[in-house]
Amino acid sequence: MKITTWNVNSINVRLSHLAEFLKEEVPSVIGLQELKCSNDKFPLKEIEELGYHCEINGQPTYNGVALLSKTEIEDVVFDIPGYKCEEKRVIAGTIEGVRVINAYVPNGQSPESDKYQYKLNWLAAFTKYIEEVLKNYSQVIVIGDYNIAPTDDDVHHPETWQGKILCTDKEREAFLELLALGLLDGLRIEAQPKGLFTWWDYRQGGFEKNSGIRIDHLLLSRVLSRRFLSSAVHLNYRVMERPSDHAPVSVILK
DNA sequence: ATGGTTGACGATCAA
């Protein structure tokens, strides 16, 4: 079973890349973030024709998430239950007995911005939600764009990023609190070479210099992690013409 | 050098 997360930065601009990914990699499940479109503008027919069920939580212009699956998606839940938030950032469903939560965590803009505190509050509510999910399901995976580089090993130039958004102590503490619920960082289950990133700035030739950071994650419950086989960052989808600024990231399970 | 690139019901905002 292959599970993938991908911030596509506009589903309609990236549809041809997604179609190629689905045909080439054939993930069992893929969580998409930053659809940047309302539900009625989501290319549902095109994706269904590729053999995928779709559950969509769209929003015009900003945010928007979706779950795509080869098999039926059951017990779909939108957003963070009980948390007042107009933005469409979360969608969850059960596929082949695995509870998949797909999230697009707020960016936060800068530590001085009001959006920074909003991000920290959002993460606190999200962590409470995941704590509840873990009480009800044993096979759980929490995937998405976390907008947090967990450690300096996840940053190409730690000294440049020191104290900057995506790398502040409070964001990293919030990430550790999620892990403390009993989740394992899917790309850190096995040792990896240095310089393993998932996002590169469009500006200044960021990808060509591998001037990236690792902010897209797949977190596995302990029970699910017993099925872990391997993980991968699909760098070839960041090289294509007009790519997303994020690469797809996958874990493969037994 | 306070730049630079991309996307959206754009005339700026968010990333």
Side-chain angles (χ1 to χ4, degrees), chain A residues 5-21 31-44 46-47 56-66 79 85-91 102-123 126 143-150 154-157 159-168 170-172 174-175 197-217 233-249:
Chain A
T5 178
W6 195 5
N7 179 322
V8 289
N9 188 16
S10 169
I11 183 62
N12 284 301
V13 171
R14 231 62 67 192
L15 181 57
S16 65
H17 292 193
L18 176 67
E20 183 164 337
F21 186 85
L32 305 176
Q33 305 91 36
E34 280 209 270
L35 303 177
K36 292 187 170 178
C37 73
S38 51
N39 285 358
D40 60 309
K41 294 197 176 151
F42 184 90
L44 181 63
E46 291 89 337
I47 294 173
I56 313 152
N57 195 9
Q59 178 186 330
T61 311
Y62 302 116
N63 311 309
V65 289
D79 309 314
C85 176
E86 301 305 318
E87 298 170 326
K88 301 303 186 186
R89 294 185 174 277
V90 184
I91 187 165
N102 176 37
Y104 176 48
V105 174
N107 175 284
Q109 200 161 65
S110 80
E112 296 77 32
S113 165
D114 291 345
K115 291 174 185 168
Y116 182 65
Q117 192 54 52
Y118 175 80
K119 177 181 193 173
L120 296 175
N121 294 343
W122 193 97
L123 280 163
F126 184 65
I143 68 175
D145 177 358
Y146 284 71
N147 271 315
I148 301 171
D154 303 306
V155 182
H156 189 251
H157 293 115
E159 58 289 346
T160 306
W161 281 88
Q162 170 80 36
K164 298 265 168 63
I165 197 66
L166 318 184
C167 297
T168 66
K170 283 181 179 176
E171 291 166 280
R172 287 176 169 178
F175 188 79
F197 307 127
T198 66
W199 176 86
W200 303 260
D201 201 308
Y202 283 125
R203 297 167 285 191
Q204 317 273 67
F207 184 77
E208 290 69 22
K209 291 185 265 192
N210 196 29
S211 180
I213 55 178
R214 190 175 72 97
I215 56 175
D216 301 274
H217 307 295
V233 180
H234 306 272
L235 296 175
N236 45 327
Y237 289 83
R238 185 60 179 77
V239 190
M240 291 173 166
E241 195 167 334
R242 252 187 127 187
S244 168
D245 42 356
H246 298 251
V249 188

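If you're wondering where the values come from, they're calculated on a predicted model, not measured in any experiment. A note on names: the letters A, B, ... follow the listed sequences, proteins ahead of strands, and every chain is numbered from 1.
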Set of residues satisfying ring-ring contact (aromatic ring centres under 6.0 Å, His included) with respect to A:H234, sequence neighbours excluded: A:F21

Below 4.0 Å: OP1/OP2 of B:dG10 and any side-chain N or O of A:T61: no

Phosphate contact (B:dG7 OP1 or OP2) by A:R14 side-chain N/O below 4.0 Å: yes

Any side-chain heavy-atom pair of A:Y104 and A:L35 under 4.5 Å: no

Mutual orientation of the aromatic rings belonging to A:W200 and A:F197 [parallel < 30°, tilted 30-60°, perpendicular > 60°]: perpendicular

Interatomic distance at [atom1], [N] relative to [M], whole Å:
| N | M | atom1 | result |
| --- | --- | --- | --- |
| B:dT5 | B:dC9 | P | 23 Å |
| B:dG3 | B:dC13 | P | 15 Å |
| B:dG10 | B:dT6 | C1' | 13 Å |
| B:dA14 | B:dG4 | C1' | 16 Å |

Candidates A:E34, A:K88, A:R89 - the one meeting side-chain hydrogen bond (donor to acceptor under 3.5 Å, both in side chains) with A:N63: A:R89

Euclidean distance, atom CD of residue A:E208 to atom P of B:dG4 [Å, nearest integer]: 18 Å

Distance, rounded to the nearest Å, where A:R242 contributes CZ and B:dT6 contributes C1': 8 Å

Residues that [X] engages under side-chain hydrogen bond (donor to acceptor under 3.5 Å, both in side chains), provided they are two or more places apart:
| X | value |
| --- | --- |
| A:R14 | none |
| A:D154 | A:T151, A:R188, A:R214 |
| A:T168 | A:Y116, A:E171 |

CA sep, side-chain torsions, deciding dist, call: A:N7, A:D216, side-chain hydrogen bond (donor to acceptor under 3.5 Å, both in side chains): CA-CA 8 Å; A:N7 179 322; A:D216 301 274; 5.4 Å; no

Just the atom pairs and distances: protein N or O near nucleotides 11-15 of chain B's N or O, under 3.5 Å.
from	atom 1	to	atom 2	distance (Å)
B:dA14	OP1	A:K115	NZ	3.4
B:dA14	OP2	A:K115	NZ	3.1
B:dA14	O5'	A:K115	NZ	3.2

Pair A:K119-A:N107, side-chain donor/acceptor within less than 3.5 Å: no

Residue closer to the 5' end of DNA chain B, A:D201 versus A:L35 (nearest nucleotide): A:D201

Pair assignment for DNA chain B - dot-bracket with | for other-strand partners, Watson-Crick or G-U under 3.5 Å: ....((((...))))

